[in-house]
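Okay, structure first, notes after.
One-based numbering along the sequence shown.
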Amino acid sequence: MSDRIEAPEQGATILWVGQDRDGHWLVQENHGLMEGRFVSRTAAWQFARAERHAFPGAALMEAEQPLVASTSFDPPAPDECARRAA
C-alpha cells in the first residue's frame, strides 16, 4: 500500500515524508509550520498520519528528492545558549 497521492491543488497543505542527504527520516509541512526527525520510515509515516488532524485536508506525500531540514539537528556548541520558548 502506498501513501503517495497525485499532485494536490496549488496552495494545499502537504506533509512531506522523506530522508535528508544523511539518511535521517523527516516529516515537513510545506509551509514551514512543522518538522520532525525520526529513527525510521515507519515512525515518520506514523507521525505524519497522526498529525493530519492539525492540518485538515493535508496530503501525505513521500519525497522523491532529499529533504532539507529547516532545523539544525546538530548538538549545540559548548558556548551556545538555548533560546527560551515563549
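- Annotation: side chain of Arg49 is in contact with side chain of Leu60 (closest heavy-atom distance under 4.5 Å).
- Panel note: side chain Asp20, backbone Asp22; a donor-acceptor pair is recorded below 3.5 Å.
- In terms of the side chain to side chain contact (heavy atoms under 4.5 Å, CB included) criterion, residue partners of Ala54 (sequence neighbours excluded) are, by chain and number, Glu51.
- The backbone N or O of Val27 sits nowhere less than 3.5 Å from a side-chain atom of Glu35 that would complete a donor-acceptor pair.
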> Given Thr13 and His31, is the side-chain contact (heavy atoms from CB on, under 4.5 Å) satisfied, shown in steps?
Replying inline: CA-CA 7 Å; Thr13 299; His31 298 111; 3.8 Å; yes
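- Linking Ile, Leu, Val, Met, Phe, Trp and Tyr residues whenever their side-chain heavy atoms come within less than 4.5 Å places Phe47 and Leu33 in a single cluster.
- In terms of modelled atom types and a separation under 3.5 Å, the side chain of Arg52 and the main chain of Ala58 share a donor-acceptor contact.
- Atoms CE and OG1, on Met34 and Thr71 in that order, are 11.0 Å from each other to the nearest 0.5 Å.
- Residues Asn30 and Trp16 meet the side-chain proximity criterion, which asks for heavy atoms closer than 4.5 Å.
- Taking both residues in full, the closest heavy atoms of Gly18 and Ala63 are given as CA-CB, 4.3 Å, listed atom of the first, atom of the second, then distance.
- Applying the side chain to side chain contact (heavy atoms under 4.5 Å, CB included) rule to Ala50 yields no partners; only residues at least two apart in sequence or on another chain are considered.
- For Gln19, the side chain to side chain contact (heavy atoms under 4.5 Å, CB included) criterion is met by Trp25, not counting sequence neighbours.
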>> What verdict does the side-chain contact (heavy atoms from CB on, under 4.5 Å) test give for Glu29 and Ile14, after you've listed the backbone C-alpha separation in whole Å, the side-chain angles of each residue and the deciding distance to 0.1 Å?
In response: CA-CA 6 Å; Glu29 189 270 341; Ile14 303 169; over 6 Å; no
>> Determine whether Leu26 and Phe38 satisfy the following criterion, side-chain contact (heavy atoms from CB on, under 4.5 Å), listing intermediate values before the conclusion.
In response: CA-CA 6 Å; Leu26 302 174; Phe38 302 89; over 6 Å; no
